[in-house]
Structures are given as C-alpha cells and as structure tokens.
Amino acid sequence: MLQIKDLVAGYEMRKKWVAAVDHVSLNVKKDDFLGLAGESGCGKSTLAFSIMGLLKKPGKIKSGSILFKGKDLTKMNNEELRNTRWKDISMVFQSAMNSLNPVMRIGDQIVDSILAHKMVKKEKAYERAKELLKLVNISPDRVNSYPHQLSGGMKQRVMIAMALSLKPSLIIMDEPTTALDVVVQRMIIEEIGEIREKLGFSILFITHDLSLLVEISKKIAIMYAGEIVEIANSQELYSNPLHPYTYGLMSSFPTLVGPLKRSDGIPGRPPDLSQPIEGCRFYDRCSKRMDICRKRHPNLIDMGNNHMVACWLYSGDKNE
Amino acid sequence: MKNSYIAPFFGNKKGMSGLLIITLFVVVAVIAPYISPFNPNEMVDIPLQAPSFAHWLGTNHLGQDLLSRVIWGTRTSLMVGIVTGLLSTIFSMIIGLSAGYFGGVIDEILTTITNIFLVIPGLPLMIVIAAYLKFRGVTPIIIVIAITGWPSGARLLRSQMLSLRNREFVTAARILGEKSTHMIFSEIFPLMLSLVVANFFSAAIYAILGEAALEFLGLGDVNIVTWGTILYWAQNNQALLTGAWWWILAPGLCISVLGAGFALLNFSMDEISNPKLRGR
Amino acid sequence: MNDFLKLEGVSMHFPIRKFGKRTRYVHAMDDVSFSLKKGEILSLVGESGSGKTTTARVIAKVYTPTSGNVFVNGNLVSKKMHTSKLKEYRQRVQMIFQDPFSSLNPTKRVRSILSRPFVLYKSMSNSKEIRQAERDVLEVVGLTPTDFYLDKFPHELSGGQRQRVGIARAISVEPDLILADEPTSMLDVSIRLSIMNTLLKLKEERNISYLYITHDLAGARYVSDRIIVMYAGMIMEIGPAEELIQHPLHPYTQLLKRAAPSPETGFNKKKLGYVGEVPSLISPPKACRFSPRCPFAMEKCSKEIPPLYEIGDRKVRCFLYEKSNQENVRFDES
Amino acid sequence: MRYILRKTGFFFLTLWAAVTLNFIIPRLMPGNPAENLVARFQGQISDKALRAIEIAFGLNVHESMINQYFEYLGNTLRGNFGTSLVYFPTPVIKIIDQSLPWTLGLFGLSTIIGFVIGTLLGIYVAWRRESNVSSVTLVSALFVRSFPYFWFGLILLYIFGFMLGWFPLGGAYSTKTSLNGLSYVISVIHHGFLPALTIIISSLGGWLLTMRNNMISVLVEDYITVAEAKGLKERDIMLKYAARNAILPSITGFAMSLGFIVGGAILTEIVYSYPGMGYILYQSVIGQDYPLMQAIFLMISLSVLLANLVADILYGFIDPRVRE
C-alpha cells in the first residue's frame, strides 16, 4: 500500500546538508502494524513528515519516491496532496497538548476535517464527530468542549478520533503516547488496538520506546542516524536481535520480571549527520566493530524469515 | 557566548541599517559646530527662502538657515531620546524586575500600578503635567516623558523575569546555595539583556516622538533649537499656508528616520533573541 | 542504621489566588511521612500530579511546607533558616534535575557552571586549583577528555552529557543526599542505563543516599533499595523494591504494574480496559484518593482516608489491609 | 462572568486613579500656576463655582486634604467641572458635550479602520513572509510607525489641502453655507477625510508589526501543522487557525497602543483645527484654562478606559480559556 523507495530527505542549513533520512526504503502493507523505533534525531519524524508532505523549509525531500496505492506523493501538486492527506493517510502527532486549536471547540475541529474533503451537510458531519468521540471513549456531548477543558489523555483521544474521521487506510502515529502517563498510555494503546480490529486500517507507529513497540506491533523497523538498520517481526526481533544497535537497545530498558541484570546501555552519541560518513554509522558506538565497518557502508540484507539487517557481521562478502 | 550573541546581528540587514542610521545622527550631533554652515540663531538671509544652493533647506521667518537649525537640533533631540529612553528603561527595570522576582503582594501592587499607568493615555497626561510646570526646558520634558513611558517595558520585563525565575537553572543555583544577588545579576540578567536593550530602543522611539509632540505644542522651551521647536515655529507662523513646505519637511523626516533607526534595531533584536520571528 | 532523612506528616498546599484572596488550595502533597537511611536509594514512583516532584522540592527547601516536619540527620529543618545554617543544609542536600536542557544556564560554559560549588563550599579562589578540581569531578562522572568539555556551552552537548554535568555539579558539593528528579526521563533510551549506573557507582564509592523520583516502575526496580508509590499527593505504599514490584499490595500499585510496558509478556497480557483518570487536587474530598478508580472500593473508602497499615516491613494505605479485612485480601498476580 | 466582573473592577480602579491624578498633579507642582486663575475669575462667577475651582486646584482652601478630596470627587461625579476661561462663561461640561462627539466619531472610526487594515496586512505579511512584497511592506511599516502624527498630518494637509485644494484646511464642516441633511453629511466626510487618513496610516504600522510577530509565533505551533495535515484549505488555516490565535495578543496590546494613538489623534486635531477634544485641550493649554484642561484629560482617559473594557470583554469571547 505504502512504498517508500530510496528516500533521501533532510534539512538545508547554510550550505550544509543534514541528511536526516538517508536512502530509506520501507513498505507498509494493508492491515499492517509497523513500528518504527529509534532515538531522538534519528530521522523518524522527518520520515513521517515526508510521507505527509509536511516537511517545511529548510526541510526538503532530495530524492526517492513515496508511492501510496501506486501514486507518488512526492510528485503531487498542492491540490492533489491536500486531497490525499487525511482522506487516505492521516496522522496522530506527538504533542497532544498543542495539536488542538485552543480557541475552537473540538467538535468543530473534527467537523472541518470532514468538510474539507466531503460534500456532506454540517449536521451530518456533527453526527459523525459524535460517533467518532464515542469510538474513542469520550462522551459525545464533549463536541462542545474546548481543548483546555480536556485532560491530556482525552486530547490525544480526540486527535485519534480526528485521524479516523475520513476512514483513512493508513494512520501514522508519531509518538502518540510519549507525553502521557503510563496508565493513560496503556489505555490508549489498547483502544487503538481495538479500533483497528473493528475498522481495519494500517498503522505506522513511530516511537523511541522499543519495549512498548515489541508488545504492540507486528513488525518493527529500527532506525539509526537516518537509516533503517534492521527490520523483522516483533517477536523475532525481540528474541533474536541481529544488529548490535538493536541488541543494545533491547538491553537498554530495565525489566519488571526476571533477574536484575546490570547493563550499560550504548555508550557515546549518534554521529553528526551534516558530515559525510563513509562506513557504518554505528561504528563509533559499536562493540563488535571490524575494520571493514569503518570503510564501507553495510546494506540491508535478507537473513530469511523476513528479517533484514544492515551489518557486516552477517555479510558473506566481508573480505571483498 | 559573546560571539553567538553579536555575530547574528552583523548578518541582520535590518539591524545593520538601523545601526547605520543611529550612528549617522550621533556623528552629526557630535560634529554639529563643524558642519553647520551658519549660526542657527542668527538672521543670515532673507526670510522664507525656498531651498537653494546657499541654503539647502531654505530659511525660516526670521531668515535663519534651516539646515543649520536641523543640524544643531539633532543634538538636543538625540540627547533627549537617549537620556529619556535610559531613564524609562531604568524605571521599567526596577518596577518590572522586582515585581517578577519577589512575587506575592509586591508583585500584585506593582503590577496593578503598571496596568493603571499602561491604560491612562500618555500624551494627554504629559500635556497636563507639562502645562502645570512653571519653567520650560529640556529637563522637565525628559522627566515628564520618563514618567509616562515606563509601564509597557515594566510589563514585558516582569513577564520575562517570571518565566526565567522559574527556569530550572535558577532553582539549581538556589539549591546550590547561591545568594539572591548572584542569581539576579549573574544567572538571570545575562539572559534578559537582549530584552532590556530592545526595551531601551522602544523607549527611545517613544521619547523622540513624545518630545517632538510636546515641543510642537509649545510645552518645551521654544527658544532652544530642536526638531520639535522648528516645527513649533513653523506651525505658529502658518508655514503651510504660506507655502513654506521646506520648513516642516526636514525636521519631520529626521524624527521619522531616527525613530525608524531605533525601530529597525529593536526589530532585529527581537529576531535574534527569538529565532521564530526570523522571516528569511 | 540511622535514618538520614525523615519526613513527618508533611503537606504542601498551593493557594489558588483569586482577587488576592486565597480560597482554594491545590493539595499537591498530603500527610507524607517516610524515612531514608544513609547510603540508601529510595524511589518515589508515581504519575504526573502524584506529588513526587513537590516532595523533592520541599526537601530541597524550594518550597516551605504547609505543615509537617522534615528532619535531616536527626535535626529539625526549620522553616526559616539562618543563612549559615541554610548553607550547611545545602551542602548536605543537593538535587539533579529532570530537564538537562533547562537546568544549566545557557549563557555559561561548563567551566564556569562547575566552578560555583568550589567557590561556595571549598572557598577556592585560585583558578588553577578550581580548574583541577573541575577536571577531577568531570573524570568521576565520565566526561573525558575533561578539558574538551570544560570549554563547552550546554547547547553544544548532548542530553546525556548535560545530565552528567548536572551530576558533577551536585557531587562537587559533596552532599550526603541527592534528590534525583526523573534524571533519565528526558534522555534517549540507550544512555539511560549508563546515567543510572553512574548514580549507583557514586552511591557505592561515596555512600551518597538518593531520593530517586521516577514514573518508571522498572527503572525504580533497577536502581533502588526501597520504593514509595505516590498517588494524587499521598503515599499509597512503601516497601522493599523487589517485593513491592513482584507482589504489589495496593490496588494502585497493581494498576501501575499492569500498565507498564513489558515485552516479556507481550500480547497475552490481560487488558486493562477503561480505568478512569487522576482526580483533581483542588480541595479533594476526605476519602481514599484512589477510590473512584479502585476495583475493590468499599463504602468506607469514599468516606475517610485510610491510614498507612503496617504489614511486615511494608506499609500500605488501603482499607483492604485493615485487620478485619486481611482474610479477604486478593493479590493480583498479573 | 467572573472575568467580566474582574475587568469592570479594574476599569473603575483605573478611572479612580485618573481622577485622583487630576487632584494630585496641581497640588504637587511647585508654585501652583492655577493661583492666578482664581484672581481672574474673582467677581465674574458665582461663589459656588469659584469654590469648585478652589477645591479642584487646592487654592485658598483651609480644609483638610481629605475633605478637599471628597468634595472634589463629588464635584467630578456630578460633572461639575467649573467654568471655562477660554470660552468664558461657558461651563466646561458644555464644551465637552460639544467636542466629544467629533472626537469619538473621527477617532473611533479611524482607529478601528487602522486596526483592521493593519491586522489584515500583518496576517498577509506573515503568511507570505518569503515574498518581496512582504519585506517591503514590513520595512515601510517600521518607517510609517515612526512618523510623528502631527507632522504626517501637516504633510497631507499641505499636499491635498493647500497645493491640490481637494480638501478643506480645517474645521469639521463647512460654516459658509447653511447645510441640511445630505450636504451636511458630505461636508463632514469631506472635512474628516484627511484627519482620518492621518490617523489610519500612522496607526496601521504598529498593528501590522504586532500582528505579524504574533502570526509568526503561532505559525510554528503544532495545531497549524495538524490543520495542514488535515488537508484544510489554505485560507481556512490562515484565518481560522493562525489568525484567530494570533489576534489575541493584539487585543491585549490594544491598551498599550490606544493611549499612544489617542495622543496622536489629539495632535492630528490640532493640525486640522478639528473641533474635538484634542483641539480644545490645546486651546486650554495655551489659554491656561486649567478647569477645561483637567476635565478633558478625564474625559479622554474615560474614553480610552471604556474602549479597553470593551476590548477586554471581546477578548473573553474570542479566547475560551479566560472565560471561566
């Protein structure tokens, strides 16, 4: 359904090019729940914004394509893009607190997304807005509330309702629960799962919280410094992480059960993306680095079982 | 740090043109005796002459050379602008910073006073105060403008103080055991500097326009040479009805351009300290 | 072992000003009592609005509590302290902040930020001496080469590096107690553990005690000896870390545990369902604050505030554990 | 409701402050210049009227300050401002009654027009901030804002009144012929056009800059990105999402700017000899007519404060957050 091919996107700073997303290819199929995990600054939000066509100056898509149902989103003009947005692909943003217009009733904000795309009567749109609120466990008479009258969790539910308003086939969720407390986060994640079962749509779920992702998503892509370094099914990735970065991330969150292991996370910090890097981008922080890693860039290779990894440890042609 | 504050300023076209304008006026004010072609208070030619080679800006009803008067007027106008701007900024700082820093009852009282002065119209108040003053001159004008010019600055500084005071690095300094004076002057103040300077620029604009207005109304000392008094004499001698447009054009332009110079500086300070505002 | 820090019935109510009159209060912290031993790491776990940060700030003397007493080393910490006494107190109790971006002054280099503790507490004025002391402390928190970091401004450092500068600043004072207010929550996952490990190392090497504030139950398990669970301004449960997490007594602790992400259990985990939201802290009713959301709520729960019942080395604020109810206790083994 | 009550409370507090300032200022001045006022009135007006003047300016009164103050407050409340000197023997209140409507009409209308145009331009400049038109507009606004009102008025008067003769040189309506109905209205508009234009253009720059800065701060907010992602039309995003939030600080800033513009309007009236409050204020200053001057200051303050109250209440309607 969504095919990202060799996408290069980033930011044009005073003569410098910061490659936030570098040659990324990714597919989201129908009914997929794809998780995209990575640390801050790894380019995951840039990727999401590129898909939505929301990348603003100095941000820029340099090359590659984003095909949605066969049409290239990067080549659309403004009007076509406007029509595709929200109707086919919608998005739930990170900061629920600031995602709603503070001076408009939430009902009006849901309704205007419907009216921007469909020729329906206003009353009908309001009926729909009420239905949507009910769907996300908010009392329908809240249509007349203003954002400041809602709690953080309710605001994010409103955003989800809004994202559902036109029955899109793909919803991008960019850290939808990061700003929320654990209990609220859990409730919302469960609700998302239930609604997805009911309505059937694909999700691209972006987060830095790998422990959460392993639990909820079908498939996970790990992003590091602008590149995808590993893709696999969640269970497979959890039990058998191949890339040293994935492995490091997996042992970076303390657990609630089992013996207490002391671990040191991943030392160092991600590389400066405004400088060209020849070899592997994880080289500086890698505990298993080899000589070749510094010189040559590893590409994603298929390890079977739908498991792809970009690391010289698993490449046969090491000595080439 | 010094560099990271000042460097963007040199790259800012608006800021640089503002600086250029102000510098130009300052230079003119300093070297007024050397570049002024005539004594500004002497009758040097036939009254009400249009601009010519001999008198670039023409002459007034007493046959005084207007170019010389404008040049000498720069001194007083600029001085009043800067001194008054400084005075109001100091008032604003004392009131705004103490309200923001101490909070509580002190804040409530100071804020209420500020709000009251904020909505009471400034120029009419200036006129009323100036009208009561028995002696006319530059000092009363400075005082009157400074009295009415501080509230908007105080309000801005207070709100910035409030937000900075609650920043974690200030709490950190407090927990580390720093004294209040250290926290205000070493931790908080460096971050307020740009706003204080911006505040000075707007206060200076206010002062320059206020001074011109009061003098135009004859509420200053009409016998000294300033841009405002040139306009006063022009108006009182019906300059326009006699077609002597040159009499009003130059001093007014000078006020506007000087004001714009400060406005440009102010605008660029805003852009630098708040990168969001940078248009391009 | 001696209690180094002790809180007795401490409450913090913030007034809401309307027309200058104080009519309503936010009960950010109500009747909080606990103690902390020398060299112990005690975690304060709770969601936002639970009062955990307020507790830390009351201990740090940023806020003056509405009522109750704080004791440090057996001495009462009075509300108004003489300057020299306060300085002595500050030297014992330091703090690490949640947001490494805002807890360092953006206009100052690391070198000048770190010089303050030495000027204030070691009476150093010789710049060479200070520089050497700064190098030593940077070494301890793992920022090497030290001279490289001394010349940096905060905005030139990563979040983790900034947090290390914050830790360096706190330990330069050589405190006995560090209040760590969610020190890892704004950092990248991959470096959280190494910050926690640094804190653990300092505890072992310097016998520093910590009050470690977090919303992450698993993180609390990783670092702490004992855990306090707070909800809506009150302590709900206190107990040794491992025991409390494996066998949570209070229904709220049970909820917290079930809500935490756990890839080990994965999809087969029991669903939470809709469990309501945190109540308003403005003039709350006299009742168990968790009762509106509690699956085990009894009539009594909405009428009075349960006391902290002692069960072995644990304490729990729930009527389920009143003597007469003890037989009916249901443990949630999720 | 509570919000409106609070704002009304502040209105009365400020009004009280203005009235009290009026009482204090002459008493603070070294060598009260109002002294010879009484001498000039002596024997010309009734004793009661004379006493009102003495109370207002603190002359020859042997009562305690507090008693004076309350008597003054009473006089003010009853509109008893005394008699004008310049327009002797007309009572001050009558002069105000005649000049206030002119000021309110001219000034009120042109301030609103200036606000609307300036704000719209500010929205445009921020929305198209990459374009050259925006840059030029912005810099021109910086200059226009620094024009002294009276000077700009003089220039307009010279060009359109004196040189081209399109507009009259002063007054509010033609006094030459007897006017009725429509011709009166046309005459009023004809006379008011240049002063109005002066105020509109001079005030517009400030509104433009305020709105532009607010817009740019708002445009980086997340809800703008969300609106874009929702595929709303550009115009809807600009007006319903960006401008509606950006205008809030402008309305609060109204207080600050209004006082400034009122000052400008006074000078404009003087330049155009427009028989409003500003012109009368000027006459009273020249003629040392302190009773008239004080009353006018009070009236101007009252109008500004009322305008502020209206702006505050309006704000409550636009921003739901302050209502409760």
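Naming convention: chains lettered A, B, ... in sequence-line order (proteins, then strands); numbering from 1 in each chain.
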*Asks:* Side chain from CB out, backbone as N, CA, C, O: work out which of these in B/Ile129 comes under 4.5 Å of a heavy atom of chain D, or both, or neither.
*Replies:*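 Both parts, heavy atoms under 4.5 Å.
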*Asks:* Considering all heavy atoms of both residues, which atom of B/Gly252 and which atom of D/Pro148 are nearest to each other, and what is their separation?
*Replies:*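 So the minimum-distance heavy-atom pair works out to O-CD, 4.3 Å.
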*Asks:* Counting heavy-atom pairs closer than 4.5 Å to chain B, which one of D/Ser303, D/Ser146, D/Gly161 comes out on top?
*Replies:*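 Of D/Ser303, D/Ser146, D/Gly161, D/Ser146 has the most heavy-atom pairs under 4.5 Å with chain B.
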*Asks:* Can you tell me how far CH2 of B/Trp245 sits from CG of D/Leu154, rounded to the nearest 0.5 angstrom?
*Replies:* 14.5 Å
*Asks:* Could you tell me which portion of D/Leu169 (side chain, backbone, both or neither) has an atom closer than 4.5 angstrom to a non-hydrogen atom of chain B?
*Replies:* side chain
*Asks:* D/Val285, D/Val271, D/Leu267, D/Ile266: which one forms the most heavy-atom pairs within less than 4.5 Å of chain B?
*Replies:* D/Leu267
*Asks:* So for D/Ile286, is it side chain, backbone, both, or neither that comes closer than 4.5 Å to the heavy atoms of chain B?
*Replies:* neither
*Asks:* In terms of heavy-atom pairs under 4.5 Å, which option from D/Tyr149, D/Phe150, D/Phe297, D/Phe152 contacts chain B the most?
*Replies:* D/Phe150
*Asks:* To check you understand the geometry: which heavy-atom pair defines the closest contact between B/Ala131 and D/Tyr290, and what is its length?
*Replies:*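 In terms of heavy atoms, the two residues are closest at O-OH, 3.5 Å.
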*Asks:* Non-hydrogen atoms of chain D under 4.5 Å away: do they reach the side chain of B/Leu217, the backbone, both or neither?
*Replies:* both
*Asks:* For the candidates B/Leu249, B/Leu264, B/Asn266, which exhibits the highest count of non-hydrogen atom pairs separated by less than 4.5 Å from chain D?
*Replies:* B/Leu249
*Asks:* Examine whether an atom of B/Leu125 lies under 4.5 Å from a heavy atom of chain D, and if so say whether it belongs to the side chain, the backbone or both; otherwise answer neither.
*Replies:* both
*Asks:* If every non-hydrogen atom of B/Asn236 is compared with every non-hydrogen atom of D/Tyr282, which pair is closest and at what distance?
*Replies:*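 In terms of heavy atoms, the two residues are closest at OD1-OH, 4.3 Å.
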*Asks:* Rounded at 0.5 Å granularity, tell me how far CG in B/Leu123 sits from CD1 in D/Ile261.
*Replies:* 12.5 Å
*Asks:* Counting only heavy atoms closer than 4.5 Å, note whether D/Leu142 contacts chain B via side chain, backbone, both or neither.
*Replies:* both
*Asks:* Find the one option among D/Asn22, D/Ile25, D/Val262 whose heavy-atom pairs under 4.5 Å with chain B are most numerous.
*Replies:* D/Ile25
*Asks:* Please look at B/Leu241 and chain D and tell me whether the side chain, the backbone, both or neither of the residue comes under 4.5 angstrom of a heavy atom of that chain.
*Replies:* both
*Asks:* Quick check: closest heavy atoms across D/Arg145 and B/Leu209, and the distance to 0.1 Å?
*Replies:* O-CD1, 4.2 Å
*Asks:* How close do D/Val304 and B/Pro121 get, heavy atom to heavy atom, and via which atoms?
*Replies:*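 Taking every non-hydrogen atom into account, CG2-CG, 4.0 Å.
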*Asks:* How long is the straight-line distance from CG of D/Leu13 back to CG of B/Asn115, given to the nearest 0.5 Å?
*Replies:*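 Atom-to-atom, B/Asn115:CG and D/Leu13:CG are 9.5 Å apart.
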*Asks:* Say you draw a straight line from CG of B/Leu253 to CZ of D/Phe147; how long is it, rounded to the nearest 0.5 Å?
*Replies:*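 With rounding to 0.5 Å, CG (B/Leu253) is 7.5 Å from CZ (D/Phe147).
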*Asks:* Within this structure, what is the OH-CH2 distance for the pair D/Tyr158 and B/Trp247, rounded to the nearest 0.5 Å?
*Replies:* 13.5 Å
*Asks:* Kindly compute the distance separating CZ (B/Phe267) from CG (D/Leu209), expressed to the nearest 0.5 Å.
*Replies:*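 Answer for the CZ-CG pair, B/Phe267 versus D/Leu209, is 6.0 Å.
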*Asks:* Minimum heavy-atom separation for D/Leu138 and B/Lys14, please, with both atom names.
*Replies:*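 Result for this residue pair: CD2-CE, 4.0 Å.
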*Asks:* For the candidates B/Ala263, B/Ala239, B/Ser17, B/Pro124, which exhibits the highest count of non-hydrogen atom pairs separated by less than 4.5 Å from chain D?
*Replies:*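 Option with the greatest count: B/Pro124.
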